[in-house]
Amino acid sequence: MASIIEASAALRKRKNLKRGINFTLMVVGESGSGRSTFVNTLCGQQVVDVSTSIMLPTDRSTQIDLQLREETVELEDDEGVKIQLNIIDTPGFGDSLDNSQSFNVVSDYIRHQYDEILLEESRVRRNPRFKDGRVHCCLYLINPTGHGLKETDVEFMKTLGPLVNVIPVISKADSLTPAELKLNKKLIMEDIDYYHLPIYNFPFEENDISDEDYETNMYLRSLVPFSVIGSNEVYDLGDGAMIRGRQYPWGTLDVEDSSLSDFVVLRNTLLISHLHDLKDYTHEILYERYRTEALSGETSSQRANGNSSTAYADSPVASGKSFQHAETDSLNSSKQASANQDTYLAREEQIRLEEERLRAFEERVQQELLMKRQELLQREQELREIEERIEREARIKEESGDLE
Ligand SMILES: Nc1nc2c(ncn2[C@@H]2O[C@H](COP(=O)(O)OP(=O)(O)OP(=O)(O)O)[C@@H](O)[C@H]2O)c(=O)[nH]1
Ligand SMILES: [Mg+2]
């Protein structure tokens, strides 16, 4: 028996290896914060074009459209494990004077992925080709200012933290001196603590963690916010060794140099050590919370305000192209959101009515049983009375016969 289980576990593992692990990473940060360069550095290839275009303010200058762009890259680690890495880039994020619209686009996309799972779970016949599009991690790129967080950073993490694993990252770490970087990290962390921002803080269960994992998680916590250096160029240092680096008048720096940034640690954390932790946390904690809220009819304040929009099903994002957010989408989306919400509520109501019907039926059966039992007792009583009467009559007859 054990060997069968082992064999099937091995088979599943092989299948998983072949199919690859699916992981979705969203990269958020204002224009020019280094999102595209980071993605290319993370994947070791040119996944995203580094755009040089800038958006000039138009008469709608307070509302610059945010796009969500999805790219899929297949990566393979040293042990041959394939990772299907879906990357969602957010060009145009935070470029408006009022960024709440950008936040809504991002949070609606994340919510929509949860809604899709909820619907799929409730289907009688599951779709075998269903694609789980939940975002497992959202890297929030912060420009290296040497200061703490900006108001918009605080708002973003506060809004998105309860929905997705947000990890703050200082980009372009080479623009700060080591002392400035240290201070920048300290100030950001102080703000995160002060505002109780719900970032992904490498959580673990005290009773169920090995010493080694405990050490790792505590170490990673001490690094937050991670600092990264990115580059789109690869250089030959002369000895045949190729490095991805940045060339300066005074020399070339290697983005993988751990004394300069946390890039390598972050890459290993995302793609190797914490890939499953991030996926599990998304499924078991974040999605579960969302699911409970959705099914109990509880809505976040944002949903109550009618800002939520979840109609991304037919949007090009779902099919791997780009998606332009527009007001009409928002309207359609909120209609769809309330339609989805209505479906859940209708289903809940249906179950409740079914239960009520069953209870009433059971009560009726019980009552009928009671009546039948009483009828039976009455019949028995009647029978006894008839028997007694017959006996009495027979006795009287006998007595009168004796007298004659
Ligand atoms: N010094 C330094 N510059 C960087 C780093 N990463 C990116 N840059 C530069 O910053 C500029 C913007 O980088 P992108 O990667 O295009 O930034 P983005 O966030 O994708 O920008 P948009 O897509 O235009 O919003 C480019 O000139 C990059 O070369 C870094 O780690 N250090
Ligand atoms: Mg870009």
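These numbers come from the heavy atoms of this one structure, side chains and all, not from hydrogens, waters or symmetry mates. First listed ligand is number 1; within each ligand, the first listed atom is number 1. Model, not experiment: these values are computed from the prediction.
- Below 30°, between 30° and 60°, or above 60°: for Tyr248 and Trp250 the angle between ring planes is below 30°, a parallel geometry.
- Residue Ser36 has at least one heavy-atom neighbour below 4.0 Å for each of these atoms of ligand 1: 15 (O), 18 (P), 20 (O), 23 (O).
- Remark: Leu260 engages Ile229, Leu253, Asp257 in a side-chain contact (heavy atoms from CB on, under 4.5 Å) (not counting sequence neighbours).
- Checked by distance only, ligand 1 and Ile229 stay at 3.5 Å or farther apart across all their nitrogen or oxygen atoms.
- Inter-residue side-chain proximity for Val106 and Val164 is flagged as unmet; no heavy-atom pair is nearer than 4.5 Å.
- For Ser36, the nearest N, O or S atom to the Mg ion (ligand 2) falls under 2.8 Å.
- Remark: ligand 1 atoms within the under-4.0 Å shell around heavy atoms of Tyr248 are 1 (N).
- Electrostatic pairing of Glu120 and Arg123 counts as a salt bridge here, judged by a charged N lying under 4.0 Å from a carboxylate O.
- Of all the heavy atoms of Ser31, the ones lying under 4.0 Å from any atom of ligand 1 are found in both the backbone and the side chain.
- The number of heavy-atom neighbours closer than 6.0 Å to OH of Tyr214, taken from other residues, nucleotides and ligands shown, is 12 or below.
- Residue Phe93 does not touch ligand 1, judged by heavy-atom distances below 4.0 Å.
- The closest approach between any non-hydrogen atom of Ser175 and ligand 1 is not below 4.0 Å.
- For atom 13 (O) of ligand 1, the nearest non-hydrogen atom from the set Val255, Asp89, Thr37, Thr41 belongs to Thr37.
- The closest side-chain donor-acceptor pair between Ser261 and Asp174, if any, does not fall under 3.5 angstrom.
- Between Asp132 and Lys279 there is no salt bridge, since none of the side-chain N atoms of the basic residue sits less than 4.0 Å from a carboxylate O of the acidic one.
- Taking a 4.0 Å cut-off on heavy atoms, Gly29 fails to register as neighbouring ligand 1.
- Of the polar atoms of Ala173, none of the N or O atoms is found under 3.5 Å from an N or O of ligand 1, judged by distance alone.
- Residue contact check for ligand 1: Phe263 places no non-hydrogen atom closer than 4.0 Å to it.
- For ligand 1, the polar-atom distance check against Gly32 finds a nitrogen or oxygen pair separated by under 3.5 Å.
- A tilted orientation is assigned to the rings of Tyr290 and Tyr114, their planes being inclined by 30° to 60°.
- To the nearest 0.5 Å, atom CZ of residue Arg289 and atom CG of residue Leu163 are 8.5 Å apart.
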N/O donor-acceptor pairs under 3.5 Å from side chains in residues 142-151, not counting sequence neighbours:
residue: Asn143; atom: ND2; partner: Glu30; partner atom: OE2; Å: 3.1
residue: Thr145; atom: OG1; partner: His147; partner atom: N; Å: 3.0
residue: Lys150; atom: NZ; partner: Glu30; partner atom: OE1; Å: 3.0

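- For Arg246, a nitrogen or oxygen atom sits less than 3.5 Å from a nitrogen or oxygen atom of ligand 1, counting backbone and side chain alike.
- The heavy atom nearest to atom 30 (C) of ligand 1, out of those in Lys172, Arg69, Glu233, is found in Lys172.
- Within the 4.0 Å heavy-atom criterion, the part of Asp174 lying near ligand 1 is the side chain and not the backbone.
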